[in-house]
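Worksheet: one structure, shown below.
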Amino acid sequence: MNEIGVVIRGESCSFDASMSVPLLNLAEHNRPYQDRMREAFDRFLASGQYIGGDQVTLFEKEVASYLGVSECVAVSSGTDALLLALMALDVGPGDEVICPSFTFFATAGVVHRLGAKPVFAEILEGSFNMDPEDIEHRITPRTKGIIPVHLFGQMANIARIQAIADKHGLFVLEDAAQAIGARYNGKHAGAFGAFGAFSFYPTKNLSGLGDSGLVSTNDPKLAAKARILRVHGMDPVYYHSHVGGNFRFDPIQGALLRIKLPDLDASIGLRQERAACYVSRLGSHPAVALSCEEAAGKKLILPETSVGNAHTFNQFTIRVRGEGARDRLVAQLKAAGIGHGIYYPLGLHQQECFRCHTGGAVSLPVTEAACREVLSIPIVPEIKLEQIDEVCDRIIGFLDGGSAA
Ligand SMILES: *Cc1c(COP(=O)(O)O)cnc(C)c1O
């Protein structure tokens, strides 16, 4: 097997040349940029500036202008963006921070690492994003903030969440790691909260060649504090007002990401086009529902776009209903060489390492049902529309009860 592997979350999510539709193909994705990337690397190598410098500050300015925020601080990863933001917001022991359970681990991991307690809120069935009403029920005198996650590339109900936060004097930190370019009533993800946190991990919509991330803010004081915390809380050099970390952003990532940033909206457009293909091909099948509201008696539910949202489809996530049905479809896709992912098979409230916070006694039925039913299928811009058709054929074969193999 001629494997071209990319390490995804510690697993080797690889594909061989015979795979008919990979979930992603990063080398193919970067091919149109390769000449400009090589030139950028040559300039970087010759510059001798391997930490900080223009490529960092220019990238920060360009992303700030794209998002419509006053400032950005580029950092080492999306996880570090979340951690740095919480440090700048003085989260520590005794604090509670409300976040979803149906998200990537980092969202709650950073809260725990600062000695605070992640309090898991329920999601809405249709959008997979946090349920604002459930957030409000979980506020206590110890609650310090809320981390809404804009999951799969679609924003949570940020207006409602921000209103709840304002009413109770809480901060909002947007986990926009999967949602760069997503908008709510025209305003960008990351432009609402005290901070937005972004990731340029290779699977994200603006994908780097390695790890990096960024925080956005409209508050100059928070931006200044984030800059100091990024280098061990040091200001001036060797004088430490705070304990920070090494959260520096590599200038080579800045140089490479700056080449791709101007194409971000076009590449989101290609994802949206692929999503529309899925909806038109699958949506006409009698066993398929276009929303959770119409799900009675259906076998498969397509992803919903909430009112006011521009969904960027970092993932195209369907729900497969019925005992064991998702896993049967997965087996058929695997046999057909079609890439897929399960984000996420287990809620964070069910994770062993968070028993110290949940006592094993937290139940989130909407989250748990999502964990059993979700299936993400190929959506990346470099996948051809014929390949989307092929995925649809397999899924329709499954719905019609054949083996489709
Ligand atoms: C990817 C991701 C992160 C972490 O970003 P890294 O750059 O991998 O550290 C955080 N939250 C969510 C929701 C993510 O998808």
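Only this structure's heavy atoms are used, side chains among them; waters, hydrogens and symmetry mates stay out. Only a predicted model underlies this, so the values are computations on that prediction, with no experimental measurement involved. Counting begins at 1 with the first residue of the sequence.
When ring centroids are compared, Tyr344 and Phe128 stay outside the 6.0 Å threshold. The aromatic ring centres of Tyr50 and Phe44 sit less than 6.0 Å apart.
Counting only distance, with no hydrogens or angles, the side chain of Arg274 and the backbone of Ile383 share a donor-acceptor pair below 3.5 Å. Under the 3.5 Å distance criterion, the side-chain polar atoms of His150 are matched with a main-chain donor or acceptor of Ala156. Looking only at distances, a side-chain donor or acceptor of Gln154 sits under 3.5 Å from a matching main-chain atom of Ser306. In this structure a side-chain-to-backbone donor-acceptor pair under 3.5 Å is present from Asn25 to Glu28. Between the side chain of Lys334 and the main chain of Leu329, no donor-acceptor pair closer than 3.5 Å is present. Although no hydrogens or angles enter the test, the distance criterion places no donor-acceptor pair under 3.5 Å between the side chain of Arg394 and the main chain of Gln332. Under the 3.5 Å distance criterion, the side-chain polar atoms of Arg258 are left unmatched by any main-chain donor or acceptor of Glu62. Between the Asn246 side chain and the Arg248 main chain, a donor and an acceptor come within less than 3.5 Å of each other.
Taken to the nearest 0.5 Å, the CG atom of Asp265 stands 10.0 Å off from the OG1 atom of Thr312. Distance check: Ile180 CD1 to Tyr66 OH gives 6.0 Å after rounding to the nearest 0.5 Å. Between the CD atom of Glu373 and the CD1 atom of Ile342 there is a distance of 12.0 Å, given to the nearest 0.5 Å. Distance CD1/Ile377 to CG/Leu23: 9.5 Å, rounded to 0.5 Å. To the nearest 0.5 Å, atom CD1 of residue Ile228 and atom CG of residue Asp235 are 4.0 Å apart. Of the inter-residue distances, the one linking Leu86 atom CG with Leu114 atom CG reads 6.0 Å to the nearest 0.5 angstrom.
Side-chain contact annotation: Thr317 with Ser376, donor-acceptor N/O pair under 3.5 Å present. Residues His311 and Glu304 bring no donor and acceptor atom of their side chains to less than 3.5 Å of each other.
Between Glu96 and Arg142, at least one side-chain nitrogen of the basic residue sits less than 4.0 Å from a carboxylate oxygen of the acidic one, meeting the salt-bridge criterion. Of the charged side-chain nitrogens involved, at least one lies within less than 4.0 Å of a carboxylate oxygen, so that Arg281 and Asp393 count as a salt-bridged pair. The pair Glu122-Arg138 does not count as a salt bridge, with every side-chain nitrogen at least 4.0 angstrom from each carboxylate oxygen. Salt-bridge formation is detected for the pair Arg160/Glu133: a Lys NZ or Arg NE/NH1/NH2 atom is positioned less than 4.0 Å from an Asp or Glu carboxylate oxygen. Between Glu39 and Arg36, none of the side-chain N atoms (NZ, or NE/NH1/NH2) sits under 4.0 Å from a carboxylate O, so this pair counts as no salt bridge.
Judged by a 6.0 Å distance limit and a 45° cone about the ring axis, Lys187 is positioned over the six-membered ring of Phe192.
In this structure, Glu294 places its CD atom where more than 12 heavy-atom neighbours from other residues, nucleotides or ligands lie under 6.0 Å away. The number of heavy atoms from other shown groups lying within 6.0 Å of CD (Glu323) does not exceed 12.
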Check: So Thr79 and Phe105, side-chain contact (heavy atoms from CB on, under 4.5 Å) or not? Walk me through it.
Finding: CA-CA 9 Å; Thr79 304; Phe105 181 79; over 6 Å; no
Is there a salt bridge (charged side-chain N to carboxylate O under 4.0 Å, His left out) between Lys221 and Glu71? Walk through the geometry before answering. CA-CA 10 Å; Lys221 283 212 186 83; Glu71 262 182 273; over 6 Å; no
Original post:
Between Arg230 and Glu60, is a salt bridge (charged side-chain N to carboxylate O under 4.0 Å, His left out) present by the stated rule, with each step listed?
Top reply: CA-CA 14 Å; Arg230 177 171 61 177; Glu60 290 176 340; 2.9 Å; yes
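Here the closest heavy-atom approach between residue Phe313 and residue Pro303 is recorded as CE2-CG, 4.4 Å.
Relative orientation of the His357 and Phe354 rings is tilted, given thresholds of 30° and 60° on the angle between their planes. Ring orientation note: the planes of Phe200 and Phe249 are nearly perpendicular, at an angle over 60° on the 30°/60° scale.
When each of His242, Lys225, Lys144 is tested with Asp90 by the rule side-chain hydrogen bond (donor to acceptor under 3.5 Å, both in side chains), just one qualifies, namely Lys225.
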